[in-house]
Amino acid sequence: MRVSPNYGEILQQKFYNESPDEVAKKLLGKLLIRVLDNKVMGGMITEVEAYFGRDDPASRASKKGKIGDAMWRDPGHTLVYMVHGNWLLNIVTTEREAGAVLIRSIEPLIGIEYMRSLRGVKQKKLLTTGPGRLTRALQITKEEDGIPVYMSDSSIIVLDYLILDEEEIERSYRIGVTKDLPHPYRFYVKYSDYVSRKGSVK
DNA sequence: CATATGATGGACT
DNA sequence: GTCCATCATATGG
């Protein structure tokens, strides 16, 4: 693990213009920033999942509807939609193929008390570990759908921070999907406590 | 309009 | 581990 020489800089749009699994791994260790009511909150991305276009039975892009259509948006834009009563935050990847990265967990670093007030939980661990918990702590809803995360005046931004080595990244099958691919597409920071579930693929 | 379906979370045994 | 409240979509009558 090392700190990126570009620490603190906004990741450019081209960062997202790769396959979902590549972008997912690269996003681990980066900073997710949320600006709301002249306040700032966020933390380090610790857990993500990659979703592809066609040939991915778990992806909404393989089905009809506006969520699937949105996965053909420009890279680096948010994609927010509701599942099981929770808003889920994704970032759209490649311009050529449908795909997105689901942000599942972050380690709270900035504006922790503000996030706590929005979530109403005592434990820091329960603040932002889990895709639904994360969006509630950062107050992300349909209002935040389609935002470019590479623009400095956006309300959701991703900044450069850490660069992780391969061996610091654990992988497993995606959580909660009914039909998964025969390949692990969930990635998380191995030694982080801020991960919704541990466990790897054999 | 009615109902089924989740990329979930929280309460509970 | 199990159960079920949750609610935006999709789909069928």
Side-chain angles (χ1 to χ4, degrees), chain A residues 16 19-28 32 43 45-73 75-94 97-108 115-147 149 156 158 169-189 193-201:
Chain A
Y16 305 98
S19 61
D21 52 330
E22 284 300 314
V23 177
K25 278 191 285 185
K26 288 198 305 179
L27 274 173
L28 291 175
L32 180 69
I45 298 172
T46 52
E47 183 184 359
V48 293
E49 279 178 4
Y51 287 87
F52 298 82
R54 57 185 177 79
D55 303 332
D56 184 353
S59 174
R60 320 280 282 231
S62 64
K63 305 173 187 69
K64 280 176 281 192
K66 47 180 150 181
I67 296 169
D69 295 343
M71 289 176 75
W72 269 269
R73 279 206 270 253
H77 287 247
T78 59
L79 167 58
V80 181
Y81 55 88
M82 169 78 63
V83 176
H84 282 99
N86 299 279
W87 292 109
L88 305 192
L89 173 66
N90 297 247
I91 299 177
V92 175
T93 60
T94 77
E97 194 68 34
V101 175
L102 169 67
I103 312 295
R104 289 189 57 89
S105 299
I106 67 172
E107 175 177 348
M115 289 190 278
R116 225 192 282 274
S117 70
L118 293 171
R119 271 277 286 139
V121 295
K122 303 161 197 157
Q123 292 183 61
K124 191 176 162 191
K125 160 132 188 167
L126 297 178
L127 216 48
T128 55
T129 54
R133 291 171 178 159
L134 185 150
T135 54
R136 249 173 292 161
L138 299 183
Q139 199 171 112
I140 291 171
T141 67
K142 197 71 187 167
E143 298 289 304
E144 282 69 45
D145 185 49
I147 292 175
V149 299
I156 300 175
V158 182
I169 298 174
E170 195 69 85
R171 53 183 66 202
S172 80
Y173 293 109
R174 294 174 294 189
I175 292 175
V177 301
T178 48
K179 286 259 174 209
D180 204 355
L181 291 165
H183 205 72
Y185 283 122
R186 181 177 76 113
F187 308 97
Y188 64 90
V189 180
D193 291 327
Y194 299 93
V195 168
S196 68
R197 271 172 62 182
K198 294 272 185 176
S200 64
V201 54

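The sequence lines fix the lettering, A, B, ..., with proteins before strands; numbering per chain opens at 1.
The aromatic rings of A/Phe187 and A/Tyr185 sit perpendicular, their planes meeting at an angle over 60°, well past the 30° parallel limit.
Put simply, CG on A/Leu79 is 11 Å from P on C/dT9, counting in whole angstrom units. Residue A/Met82 contributes atom CE, which lies 20 Å from atom P of B/dA4 at whole-angstrom precision. Atom CD1 of A/Ile175 and atom C1' of B/dG9 are 12 Å apart (whole Å). Following rounding to the nearest Å, A/Leu89 (CG) and B/dT8 (C1') show an atom-to-atom distance of 15 Å. Spacing between atom CH2 of A/Trp87 and atom P of B/dG6 amounts to 18 Å, rounded to whole angstrom units. As rounded to whole Å, 12 Å separates atom C1' of B/dT8 from atom CZ of A/Arg197. As a whole-Å value, the separation of A/Arg133 CZ from B/dA7 P is 18 Å. Protein atom CZ of A/Arg174 is 9 Å distant from nucleotide atom P of B/dA7, rounded to whole Å.
Counting only heavy atoms from C-beta on, A/Asn90 has its side chain closest to B/dA7 among B/dG10, B/dA7, B/dT8. The listed nucleotides are B/dT8, B/dA7, C/dA8; the one nearest the side chain of A/His84 is B/dT8. Listed candidates were B/dG9, B/dT8, B/dA7. Nearest to the side chain of A/Val177 is B/dA7.
Residue-to-nucleotide proximity on DNA chain C shows that, of A/Asn86 and A/Lys142, the 5′-proximal contact is made by A/Asn86. Across the interface with DNA chain B, nearest-nucleotide mapping of A/Lys179 and A/Val121 shows A/Lys179 to be the residue nearer the 5′ end.
Taking 4.0 angstrom as the limit, A/Arg136 places a side-chain polar atom (N or O) nearer than this to OP1 or OP2 of B/dG10. The phosphate of B/dA7 (OP1 or OP2) has no side-chain N or O of A/Arg186 nearer than 4.0 angstrom. Side-chain nitrogen and oxygen atoms of A/Arg119 include at least one within less than 4.0 Å of the OP1 or OP2 phosphate oxygen of B/dG10.
Exactly one of A/Leu89, A/Leu79, A/Leu88 qualifies for a side-chain contact (heavy atoms from CB on, under 4.5 Å) with A/Leu102. That residue is A/Leu88. With A/Ile140 as reference, A/Val80 is the one residue of A/Asp145, A/Val80, A/Thr78 to meet the side-chain contact (heavy atoms from CB on, under 4.5 Å) rule. Checked options A/Arg119, A/Arg133, A/Met115; the residue passing with A/Thr128 is A/Met115 (criterion: side-chain contact (heavy atoms from CB on, under 4.5 Å)).
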How is the base pairing of DNA chain B summarised as a dot-bracket string, given the Watson-Crick and G-U wobble criteria with both distances under 3.5 Å, [ ] for crossing and | for another strand? ||||||.|||||.
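The aromatic ring of A/Tyr81 does not sit over the base of C/dA8, since the test of centres under 5.5 Å and planes under 30° is not met.
Counting heavy-atom neighbours within 6.0 Å of A/Glu143 CD, excluding the residue itself, gives a total of 12 or less.
Salt-bridge check for A/Arg171 with A/Asp21: failed, with every basic side-chain N at 4.0 Å or more from each acidic carboxylate O.
In terms of modelled atom types and a separation under 3.5 Å, the side chain of A/Glu170 and the main chain of A/Lys198 share no donor-acceptor contact. When atom types are taken as modelled, the side chain of A/Arg136 and the backbone of A/Leu118 share no donor-acceptor pair closer than 3.5 angstrom.
At the heavy-atom level, A/Ser196 lies nowhere under 4.0 Å from the strands shown.
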